[in-house]
Structure formats: C-alpha cells, structure tokens
Amino acid sequence: MASAPEKIGTFEGRDVLEAVLESETGVRIAVMNYGAVLRDWQVPVTGGVRHVVLGFDRFEHYPAHSPYFGAICGRVANRIGGARFALDGREYRLVANEGPNQLHGGPRGIGRQLWNMEVLSANAVRLRLTSPDGEMGYPGRLDIAVTYRLSGNTLRIDFCAETDKPTPVNIVQHNYFNLAGEGDVRDHRIEVNADAYTVLGEGLIPTGEIAPVTGTRYDLRTPRQLQDENGNPVDYDINLVLAERRNLSEPVATVTAPDGSLTLRLKTDQPGLQLYTGGKMNIPVPGLAGHRYPRFGGLCLEDQNFPDAINHPHFPSSVIMPEKPYSHWCEIEIG
C-alpha cells in the first residue's frame, strides 16, 4: 500500500490531504482531495525527472490562483449557455460564474470542494464526493467516484456518478500538460483524430452547428505545432468532435515534446475533446519547482461530452438517471 495520505493544508476548516502514486517505471503522481486535483506528475527523463503538468507546490495557491490546474471539473464541465436549461418540462437556473454562463459547474463546482480519499494500493487512489440536490442549481443528489490508477507510464482515470433524479453530468480531467516542463507549448506537436468541431458563438457557447475541420485551424488530423505561420502560439479553446466509429484502444490525441523526448497519448470513450492552450492564463505566483507559468504555458485535453449539450438536443445526451448512471474512462500515457 502507498503510505497514508499526508496533510498539506487546510480548506474551510478541514484537512487537505495528498497521496502519491508510484509506478515501476519511476513515474510519480500526487493527488489531492481538494478538487480531486492531480497536483504533480513527474516522469523520468535523461538526467533526472520532469514535471509534465502545471501545478503549485503550496496548497494555498489553488483556491486563490488555480485556473483548474489538474482538477476534476463538474457536475457539468465546460459551459452551459445562459446558466440555464430545461429538463422534463421544468427550467433550472444555475449559478453563473463566467458572465451570463456557467463554467465547470459554477463557483462551487466539484473541482473546488474537498473529496473523501481512499488509498487502494501503491499505485491507485479513489476519491468520492456527494453533491446535494440543488447545489449550484442542479437537480438531484449526485454521488461521484473518481479512481486514479497508475501502471508504468499510463494513468487510467475512471469516473462514475449515480443520481436519484434525472440530471445532466459531464465530469472531466482538467490537466494542463507541458512536456518540456517549462516555457510555453507553441513548439509541442499535436495530432487529434477529429473530423469536426462544435462551432462557437458569443461567450464560447456552441451555436449548435457541427462543422468539418477541413480547411480550418482545427484540422489536427496530421501532426502540427501549436503555433501559426508567424511563430505565435495558437489560442485554442474548442470542442473537437472525435471520430464516432473509432477503435477505443487507439489514442484520440498524441502530443510530442519539442525535443522529442516525451510523447503523450490520450485514449477515451467520450465523444468530444476540449483543446485549450492556456490563452487566458495569468498566474502571478510560482508553480512547481519555482517555475513561472506564462500565457500558453500549458495544454489541456479535456475528454468530454459536448459543451452545452443539455441545450442542444442533437448533441450526445448528458442526462443521467437513477437507472442509467454516469461512467467515463480515459487513459493518459506519458513516456
């Protein structure tokens, strides 16, 4: 068994705990019970180890400065337009936290609460959280469990949730990856198996249109760097529609470090992938190992249902029911 979780801070009068997972290949991942956050991910490289996600050494920076670094986001991650939706003939008004819209479940989404943590083994930990009926405006009690399991260079994350009444759910991992360990991500190479994207309107809310990526900057079906023809970072914040009849044992996204030393491969059973390159980042405090995180300092690959799916009936349904619980898995390999 891994050692018992250690106290690393306090939040709302309760202990913030952290467990460290280790694999036989020397990979180390630190997970907090605050937001079920993956705080640090260290991978062996020639000459030492490299931090491949953005995070903070000090817990107190998370509530004050974190743009969801490593968090598990929801109940409904991404955006809900107008912070409202209708379900079974009733309108629900949510707590808005990004202009008129709701982002990542609201100001007290699941990524900003303390979870219960259970160490399962030296390389696995499970976190649980109950979101009560009406929290942030959502119907139904939601019992959530997230399991992190590290094997070799691969982290598998299993998400599940049960409810006592119909409610929308979209729970995602929100890691910011930087395979160089510092600087911005413009020189990373990315490939995504997505033929289409959800077109955005005002406030980054989908219009409902699903358009082909052909001829757009969202065509990442062949590897390309995250920079434009002038060498400037590309500001991505878009939901890519993953190929429907794909082989789930194949990665939907592949990212390569600028020096070619590390490659990230992400597999998922979800229909969408939010690609975000950190264009809104403005971090005034030091990150892991004292690194300063610039704008475009990290790359998010949030495997998910489509944003605002609850308000677009032709999108994949985000509604779960007592007899139809939520489940979702992803695997991220970095090595």
Answer yes when [X] and [Y] have at least one side-chain N-carboxylate O distance shorter than 4.0 Å, and no when they do not.
X	Y	answer
D195	R221	yes
E12	R14	no
R39	E18	yes

Nearest 0.5 Å please: distance from the [atom1] atom of [X] over to the [atom2] atom of [Y].
X	Y	atom1	atom2	value
T147	D158	OG1	CG	6.0 Å
D40	L288	CG	CG	4.5 Å
T167	Y92	OG1	OH	8.0 Å
H314	F306	NE2	CZ	9.0 Å
L248	E331	CG	CD	10.5 Å
I283	R295	CD1	CZ	12.5 Å

Which pair of heavy atoms, one from [X] and one from [Y], lies closest together, and at what distance?
X	Y	result
L299	V185	N-CG1, 4.1 Å
W41	N153	CZ2-O, 4.5 Å
F56	V285	CE2-CG2, 3.6 Å
L103	N97	N-OD1, 2.7 Å
P223	E191	CG-OE1, 3.4 Å
A77	V172	CB-CG2, 3.5 Å

Report yes if the side chains of [X] and [Y] come closer than 4.5 Å at any heavy-atom pair, otherwise no.
X	Y	value
S318	V169	no
R156	C330	no
M136	P107	yes
V27	P44	yes
H174	C300	yes
T198	F315	yes
L266	P251	no

Discussion item. Could you go through K7 and D15, starting from their C-alpha distance and side-chain angles, then the distance that decides it, and tell me whether this counts as salt bridge (charged side-chain N to carboxylate O under 4.0 Å, His left out)?
Written reply: CA-CA 6 Å; K7 178 179 175 179; D15 289 352; 3.3 Å; yes
Practice prompt. Look at the rings of Y197 and Y218 and say which category their plane angle falls in: under 30° parallel, 30 to 60° tilted, over 60° perpendicular.
Written response: tilted
Does [X] reach the main-chain N or O of [Y] with its side chain, forming a donor-acceptor pair under 3.5 Å?
X	Y	value
W115	M32	no
T154	E333	no
N101	R79	no
Q173	L301	yes
N305	N170	no
D57	A289	yes
H61	S66	no
H188	L179	yes
Q113	R108	yes
D269	W329	yes

Worksheet item: Please walk me through it: do T130 and D143 pass side chain to side chain donor-acceptor pair (under 3.5 Å)?
Response: CA-CA 5 Å; T130 294; D143 293 310; 2.7 Å; yes
Item to complete: Evaluate the side chain to side chain contact (heavy atoms under 4.5 Å, CB included) criterion for residues H312 and T207: first the C-alpha distance (whole Å), next the side-chain angles of each, then the deciding distance (0.1 Å), finally the verdict.
Response: CA-CA 9 Å; H312 297 282; T207 63; 6.0 Å; no
Fill in: Aromatic ring proximity, centroids under 6.0 angstrom, H104 and Y68
yes
Item to complete: Would you check, one step at a time, whether the test side chain to side chain contact (heavy atoms under 4.5 Å, CB included) holds for R28 with L150?
Response: CA-CA 9 Å; R28 289 171 55 94; L150 179 64; over 6 Å; no
Checking [Y] against [X]: is there a side-chain donor and acceptor pair closer than 3.5 Å?
X	Y	result
N232	Q227	no
Q274	D237	yes
R50	S261	yes

Item to complete: Establish, yes or no, whether the cationic atom of R217 lies under 6.0 Å from the six-membered ring centre of Y236 and within 45° of the ring axis.
Response: yes
Worksheet item: Pairs in or reaching into residues 124-165: which pass ring-ring contact (aromatic ring centres under 6.0 Å, His included), with residues at least two apart or in two chains?
Response: F159-H328
Practice prompt. Assess whether salt bridge (charged side-chain N to carboxylate O under 4.0 Å, His left out) is satisfied between D88 and R90, documenting all intermediate values.
Written response: CA-CA 6 Å; D88 295 338; R90 179 178 165 187; over 6 Å; no
Worksheet entry | N78/E302 under side chain to side chain donor-acceptor pair (under 3.5 Å): CA gap, chis, key distance, verdict | CA-CA 9 Å; N78 215 307; E302 304 157 54; 4.8 Å; no
Item to complete: Test F69 against every option in F177, Y62, Y293, F59 by the ring pair (Phe, Tyr, Trp, His ring centres under 6.0 Å) rule and name the one that passes.
Response: Y293
Fill in: Working for side chain to side chain contact (heavy atoms under 4.5 Å, CB included), residues L87 and V319
CA-CA 9 Å; L87 182 60; V319 177; 3.9 Å; yes
Worksheet item: Under 6.0 Å from the CD atom of E162, do we count more than 12 heavy atoms belonging to anything else shown?
Response: no
Worksheet item: Should we say atom CZ of R189 is surrounded by more than 12 heavy atoms from elsewhere, each under 6.0 Å from it?
Response: yes
Worksheet entry | Single hit among L264, L220, T277 for side chain to side chain contact (heavy atoms under 4.5 Å, CB included) with I190 | L220
Practice prompt. List the steps, then state whether side chain to side chain contact (heavy atoms under 4.5 Å, CB included) holds for I29 with L155.
Written response: CA-CA 9 Å; I29 288 176; L155 177 69; 4.0 Å; yes
Fill in: Working for salt bridge (charged side-chain N to carboxylate O under 4.0 Å, His left out), residues D235 and K280
CA-CA 9 Å; D235 193 358; K280 300 183 190 72; 5.9 Å; no
Practice prompt. Check salt bridge (Lys or Arg N to Asp or Glu O under 4.0 Å) between E91 and all other residues, then give those that pass, not counting sequence neighbours.
Written response: R84, R93
